[in-house]
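This structure is a prediction, so every number in the text was calculated from the model and none was measured. Protein chains get the first letters and strands the later ones, always in sequence-line order, with residue 1 at the start of each.
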Number of protein chains: 2
Amino acid sequence: MLNVLDVFSEAEPVWTVDALGKSLALSRSTAYRYVKELCEAGLLASVGDGGYSLGPRIIELDRQIRQSDPLLTAAGEVLAPLLPRCGEGILFICAPRGDSVLSVFLAENPNRLDISYSRGRPMPLFRGSASVIILAHLPEGRLRRLYRDHRDAVAAAGLGGDWPSFRTAMRDIRAKPYLTGRAQLDAGVFAISAPVFDVDGNILASLTLAMPEHRADSEAIQPLADLVVEGARRITATIGAQVHARSALRVEGI
Amino acid sequence: MLNVLDVFSEAEPVWTVDALGKSLALSRSTAYRYVKELCEAGLLASVGDGGYSLGPRIIELDRQIRQSDPLLTAAGEVLAPLLPRCGEGILFICAPRGDSVLSVFLAENPNRLDISYSRGRPMPLFRGSASVIILAHLPEGRLRRLYRDHRDAVAAAGLGGDWPSFRTAMRDIRAKPYLTGRAQLDAGVFAISAPVFDVDGNILASLTLAMPEHRADSEAIQPLADLVVEGARRITATIGAQVHARSALRVEGI
DNA sequence: GCATTCAATCCCATATTATGGGATTTATAG
DNA sequence: CTATAAATCCCATAATATGGGATTGAATGC
């Protein structure tokens with residue numbers, strides 16, 4: 001039933017029940033039942049004339065995430081003091097989402113340069129330092145499945161022509177504290193990314209600083225790379241502290 | 001299975017599978033199955049140490065709503081030109097969501113006064129002009145069910161001590177083009193609200209202008225009320241035009 | 001006022017899946 | 001090596017979903 005949400009896109013934000021039933025190979029009564037149930041949950045809403053769109057519950061849940069998600073609250077806390085050292089650069093957090101990566105947090109910076117990042121925007125998994133640093137730290141099994149399913153995209157991104165070389169490329173990236181590269185969504189933008197982990201040591205997200213390419217001369221990069229690595233490390237630590245706080249509450253039966 | 005999303009709140013953003021299974025009266029294997037499925041859909045995500053939180057798909061869907069939802073795109077178009085006439089007031093849109101109302105859009109206004117409205121914030125259905133104007137325009141059957149389920153809240157809000165007087169109060173509100181009142185979430189704030197309808201004439205949302213109470217003398221209100229009513233009317237018309245555009249495409253088989 | 005159309009709900013015979021209690025697996029910590 | 005926690009798997013049994021069509025309600029056009 002959750003596939004219903006997948007038919008909605010920026011290009012097609014409004015669907016009739018018949019159209020989405022046809023798209024998902026469902027009978028009319030099943031499609032009506034699913035839409036009714038998703039409307040009751042607030043995930044869809046009627047817009048009149050038999051049309052439905054994504055519903056207000058999504059906006060409400062997104063606000064809950066902004067207000068209280070552990071990763072985002074840690075990021076807000078950690079990144080605000082780092083902004084003054086970033087000039088017109090942008091600090092943002094990306095998280096894995098299925099076979100792609102999503103920007104989930106942007107540090108507020110009134111001086112920021114005007115590029116395409118916005119919260120919620122999906123990005124390819126195999127391009128861009130924000131994505132590839134996450135890819136590199138995925139568990140071996142997940143990496144293998146991604147290679148199997150996307151071997152052409154891996155090759156096109158120059159990450160390896162077969163599994164052994166892809167795997168080696170990923171290992172080499174993991175060996176370094178950060179990854180640099182040109183931003184994929186905008187011309188003339190340079191990015192530095194570092195990984196953020198959960199308390200179990202699994203990759204949770206990446207922290208990236210994006211800045212104009214002309215400012216990225218080799219002398220300027222190192223202090224900024226150190227800032228990104230330190231920021232990612234402190235976000236990881238803040239999340240870890242939250243988890244330990246929750247465990248302590250759990251042990252006490254609260 | 002969608003009830004799983006309901007256990008998450010700002011107060012408790014992270015849940016273990018056992019805790020949410022207990023909260024929802026589910027067995028451990030059923031709870032694990034639901035969480036696994038919601039993680040695969042991206043609606044939940046693991047945060048390590050057996051904890052789960054709301055997932056990145058919500059952020060992605062919310063961005064789709066911001067970018068392309070008919071109500072929000074119409075609101076953005078219509079409200080931007082009206083802002084200069086609002087001084088430090090805030091223009092925002094609320095939509096019904098179950099038995100409450102949600103702020104779904106705020107017009108960007110750098111001069112705005114600092115009050116509590118933020119996108120995604122739920123509000124009571126029976127208090128505040130933004131909510132009550134929506135309530136008044138709900139279909140009779142829905143109004144009757146809300147009265148049955150919330151008769152105490154209706155009485156406490158001064159909207160009527162029994163069904164006939166509640167119904168009359170709602171009819172009287174419908175007869176006027178707008179509703180005014182003190183904002184419920186902040187002290188010293190005054191609000192003017194008008195209804196937004198879909199193409200079938202059903203209530204879709206409300207448009208509200210919130211401003212400092214001391215600026216709301218009787219001479220200043222009328223032009224601002226006219227602005228709000230006109231803004232709501234034009235949002236309704238813009239949505240209607242979108243629907244007609246979609247119908248035309250549909251007739252052509254596109 | 002009637003006929004037509006569209007959106008939405010209801011019905012139910014039949015097919016399919018969900019449930020949960022427990023077993024098992026995997027990883028981590030002591 | 002043992003214990004624990006998180007997570008997956010198994011399957012007998014119970015419960016629900018499906019879809020094709022009937023029906024309802026509202027709106028539109030003549």
*Asks:* Is any side-chain nitrogen or oxygen of A:Lys36 closer than 4.0 Å to OP1 or OP2 of C:dT9?
*Replies:* yes
*Asks:* For residues A:Phe8 and A:Tyr52, report the shortest heavy-atom separation together with the two atoms involved.
*Replies:* CE2-O, 3.2 Å
*Asks:* In whole angstrom, give the distance that lies between atom CG of B:Asp49 and atom C1' of D:dA7.
*Replies:* 14 Å
*Asks:* Describe, in one word, how the ring planes of A:His137 and A:Phe197 are oriented to each other, choosing from parallel (under 30°), tilted (30 to 60°) and perpendicular (over 60°).
*Replies:* perpendicular
*Asks:* Counting N and O atoms only, with roles assigned by atom type, does the side chain of A:Ser206 sit under 3.5 Å from a partner on the main chain of A:Ala130, one being a donor and the other an acceptor?
*Replies:* yes
*Asks:* Report the residue (A:Val17 or B:Ala31) whose heavy-atom-nearest nucleotide on DNA chain C is the more 5′ of the two.
*Replies:* A:Val17
*Asks:* Taking atom C1' of C:dA18 as reference, at what distance in whole Å does atom CE of B:Met1 sit?
*Replies:* 12 Å
*Asks:* For the backbone of B:Pro70 and the side chain of B:Thr73, can you confirm whether one donor and one acceptor N or O come within less than 3.5 Å of each other?
*Replies:* yes
*Asks:* Mind checking the CG-CD1 spacing from B:Leu54 to B:Ile59? Nearest 0.5 Å is all I need.
*Replies:* 9.0 Å
*Asks:* Polar atom pairs between nucleotides 27-29 of chain C and protein, under 3.5 Å, N or O only, would you list them?
*Replies:*
none

*Asks:* Within this structure, what is the CD1-OG distance for the pair B:Ile134 and B:Ser193, rounded to the nearest 0.5 Å?
*Replies:* 8.5 Å
*Asks:* Can you tell me how far C1' of C:dA7 sits from CG of B:Asp198, to the nearest Å?
*Replies:* 13 Å
*Asks:* Between C:dG21 atom P and B:Tyr32 atom OH, what is the distance in whole Å?
*Replies:* 16 Å
*Asks:* Considering only nitrogen or oxygen atoms on both sides, find all protein atoms under 3.5 Å from nucleotides 16-18 of chain D and state each distance.
*Replies:*
residue : atom : partner : partner atom : Å
D:dT18  : OP1  : A:Tyr34 : OH           : 2.3
D:dT18  : OP2  : A:Arg33 : NH2          : 3.0

*Asks:* Round to a whole Å and report the spacing from CZ of A:Arg28 to P of C:dA8.
*Replies:* 11 Å
*Asks:* Whole angstrom is fine here: how far is it from NZ in B:Lys22 over to P in C:dG21?
*Replies:* 14 Å
*Asks:* Using a 4.5 Å cut-off on heavy atoms from C-beta on, say whether the side chain of A:Ile239 contacts that of B:Val47.
*Replies:* no
*Asks:* I need the A:Ile203 CD1 to A:Asp198 CG distance, nearest 0.5 Å.
*Replies:* 9.0 Å
*Asks:* To the nearest 0.5 Å, what is the distance between CE (A:Met170) and OH (A:Tyr147)?
*Replies:* 11.0 Å
*Asks:* Send over the distance from A:Glu40 CD to C:dT9 C1', rounded to a whole Å.
*Replies:* 12 Å
